[in-house]
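Below, each value reflects all heavy atoms present in this structure, side chains not excepted, and no hydrogens, waters or symmetry copies. So that the names make sense, note that chain A is the first sequence line, chain B the second, and so on, each numbered from 1.
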Amino acid sequence: MDENENLCFERSKIDKINDLRERGMTVYPYSFARNDAITAIKDRFSDAGHEKSDEQVSTAGRLYLIRRHGKTIFADMGDADGRIQLYIRKNDLGDEKFDLFKDYIDNGDIIGVTGHVFRTKMGELTIWVDDFSLLTKSVCALPEKFHGLKNVETRYRQRYLDLIMNEESRETFRTRSRIISHLRTFLLDREFLEFETPTLQPIYGGANARPFTTYHNFLEQKLYLRIAPELYLKRLVVGGFDKVFEIAKNFRNEDIDTNHNPEFTMVEIYEAYRDYYDMMDLTEEIIASLAREVQGSSTIEYEGTPLHFERPWRRMSMDEAVREYAGISVFDRTVEELAAFAREHGVEEYESAATRGEFLVLFFEHFAEKQLIQPTFVYDFPIENSPLAKKHREHEGLTERFELFIYGMEMANGFSELNDPVDQKARLELQDAKRRRGDLEAQMIDYDFINALGYGMPPTGGVGIGIDRLVMLLTDKSSIKEVLLFPQMKVQQQESGAEESEESVESDEGNAA
RNA sequence: GGGCCUGUAGCUUAGUUGGCAGAGCGACGGACUCUUAAUCCGUAGGCCAGGGGUUCAAGUCCCUUCAGGCCCGCCA
C-alpha cells in the first residue's frame with residue numbers, strides 16, 4: 001500500500017483476501033437472499049426458548065464483536081436497526097467452513113447467515129448458524145469495540161464510521177429523515193404542492209446574505225447558488241399555484257459555527273389569500289405536530305430545559321418585546337434619546353442606527369432575543385430590514401413580518417408577502433443602493449420578479465422554517481454539525497507531493513469580469 | 001475578528017517538579033464447544049499534529065503553523 005495515499009487498508013486483511021481468492025472464493029459477491037431484518041427476527045422470536053426454532057431464518061449484517069472459543073464462536077451482528085448474536089459451532093458447519101470463519105472473518109466484515117433462533121443459557125436471543133457466506137470483506141480496522149469512535153472531528157469527517165459505530169448518531173439521522181418525511185406529508189395532506197425551483201440563479205434574492213458565485217461556461221455568465229427560493233416560489237403563486245412549498249437547500253457564504261453551515265435546509269411555504277397571522281397558525285401547527293410525531297409529546301427537553309409546544313404559543317410585537325425586556329418604547333423617544341440609552345446599556349453597533357426602526361431591532365436583539373426560551377412569535381418588524389414584507393395595515397414604518405424564537409434561536413420567518421409591485425420596486429432599489437455602497441448582504445434587484453408581481457400576486461402569506469435547527473431542537477443537539485450528515489469541514493492538507501499541481505479551476509472572479 | 005481548550009499506536013487513553021513513551025481494545029501466533037467489553041500465554045506496532053527555540057536532556061517549557069471543539073462578536 002502506498003503510504004502517501006493515507007489509506008486505512010491493513011496488510012493482514014489484504015493478505016486474507018488474496019488467500020481466499022487463491023482458494024477460489026468470491027470475496028465481494030453480488031447479492032444475498034436476506035429474508036429478515038434483525039429487528040424483525042427479534043420481534044418474531046421474542047418468546048423463543050432454549051430449543052432451536054423450527055423455522056429457519058436468513059439475515060445479513062456487519063460483524064461487530066467476534067468471540068472465538070476454540071470450536072465455538074459467538075459474534076454480534078448488526079444491521080441498520082438492530083443487533084443480534086450468532087452462535088457458530090464446528091460440529092454444525094464442518095471443519096472446513098468453520099475454519100474459514102475462524103481464520104478469515106474479522107470484526108467489520110459483512111456476512112449473511114442462515115440458521116435457527118434460540119435463547120442461550122444467559123438469556124440472549126441468538127441465531128444458531130447453519131451456514132454463512134462472506135458478503136463483503138472489510139480491509140480497515142473498526143474503532144475500539146467498547147469505547148467506539150469518540151473523536152468529534154473524525155465523526156464529522158468520516159460520518160460513515162460514526163454511523164457504523166454510534167447508535168445515537170444513527171438515531172439522530174433517522175429522526176431527521178422522519179421529520180422531513182412528516183413535514184412533507186403534513187403539507188401534502190393540506191393540498192400544498194411541492195416544487196423544485198432553481199438552485200443556480202442569475203440573480204440571488206429572498207434573503208440578506210452573501211452568496212456563493214459560480215460561472216456557466218456555455219452561457220458565459222455568472223451564476224449564484226441560491227440563498228433562498230423565495231422569489232421563485234412567489235412567481236408560482238403569481239402563476240396560479242396558490243398553495244406551494246419547497247424543501248430547499250440554501251447556500252450562504254458566511255461564517256461557520258454551531259448554528260450555521262454554508263449549506264442548510266429550509267422549508268418555504270406560500271399560501272394565497274392568507275396573511276401573517278395565518279402563517280403563524282400554520283407554523284405552530286407544523287412544529288407542534290412534528291414534536292408530537294418525533295417525541296410523542298408536546299413537551300420536549302432541550303439541553304435540560306423543558307420546552308412546551310402545546311398551542312397557542314406566546315405572541316408579542318417586537319415593540320412589546322422591547323418594552324418588556326428593555327423597559328423602553330422606541331416610539332416614545334427621539335433618536336438621540338435612543339442612542340443615549342443604547343450607549344448606557346452597551347448595545348453593540350448602535351452608532352450606525354439612524355431610525356427608530358433600527359433601534360427597535362437592535363434593542364430586540366440585545367435585550368429580548370436570547371430570553372425567548374419557550375416558543376414565541378415576535379411580529380411587526382420595522383420596514384428598513386424587511387424588503388419583501390408587506391407594509392403594516394395600521395402602523396406606519398412597520399411590516400407584517402414575524403419570526404419564531406425557541407430557546408433563543410430563530411426558527412422561522414414569515415410575512416404577509418409584499419405584492420404591490422411599485423412598492424416592491426422601490427424597496428429593492430433601496431436594497432440595491434445599499435449593496436452598491438458596499439453592504440455585501442443587501443439584495444439585488446430582480447426585475448423579472450417585480451414584473452411577476454406586476455401581473456398580480458394575490459394576497460399571500462409565506463413562511464420559512466429552518467429544518468436543521470428544528471432537528472437540533474427535536475434531537476437535543478447543541479451543534480448543527482450533529483444534525484448534518486456531512487457538515488462542511490476544512491480540507492485537510494495533503495502531504496505535498498512534488499507533482500502537486502493546481503487543477504485549472506477557473507476562479508469566479510476571473511470569469512465574471 | 002477576540003478569548004479559552006484539545007491534538008500521544010488503527011481506536012480509547014496514561015504520562016508527576018523537564019529524566020529511557022506505558023496500557024486496554026484491535027492486529028499477528030497459540031489454548032479453549034453457551035460467550036457477550038469472554039478468558040489465558042506470547043509477538044509486533046509511536047518522527048508524541050507540523051516547524052522552530054530554550055536546555056546536558058522536551059510528549060512535558062517558549063514561539064509559530066495546521067486541524068478541531070467551546071464561548072463571545074459578526075451574520076438571517
Review point. Is E168(A) paired with K477(A) through a side-chain N to carboxylate O contact shorter than 4.0 Å?
Key: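 Yes, charged N to carboxylate O under 4.0 Å.
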Considering every strand and a 4.0 Å limit on heavy-atom distances, what is the contact class for [X]: base, sugar-phosphate, or nothing?
X	value
K145(A)	sugar-phosphate
E403(A)	base
Y156(A)	sugar-phosphate
M165(A)	nothing
S478(A)	nothing
F98(A)	nothing

Compare side-chain N and O positions of [X] against OP1 and OP2 of [N] and report whether any pair is under 4.0 Å apart.
X	N	value
K16(A)	C28(B)	yes
K490(A)	A67(B)	yes
R67(A)	A38(B)	yes
R157(A)	G68(B)	yes
T120(A)	U36(B)	no

Quote, to the nearest angstrom, the [atom1] distance that separates [N] from [M].
N	M	atom1	result
C61(B)	G19(B)	C1'	15 Å
U16(B)	C41(B)	C1'	33 Å
G7(B)	U13(B)	C1'	13 Å
G46(B)	C11(B)	P	14 Å
G68(B)	U8(B)	P	15 Å

**Study point:** Validation row, ring centre Y87(A) to ring centre F74(A) under 6.0 Å
**Key:**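 Under 6.0 Å, so yes.
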Check: [X] side chain, [N] base, donor-acceptor under 3.5 Å:
X	N	answer
Q85(A)	U35(B)	yes
H147(A)	C25(B)	no
N91(A)	U33(B)	yes

[Y] and [X] side chains, donor-acceptor separation under 3.5 Å:
X	Y	value
Q431(A)	R436(A)	no
Q201(A)	Y232(A)	no
Y407(A)	E303(A)	yes

Exercise for review: Could you tell me the separation between the CD1 atom of I88(A) and the P atom of C32(B), rounded to a whole number of Å?
Suggested key: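 Rounding to the nearest Å, CD1 of I88(A) and P of C32(B) are 18 Å apart.
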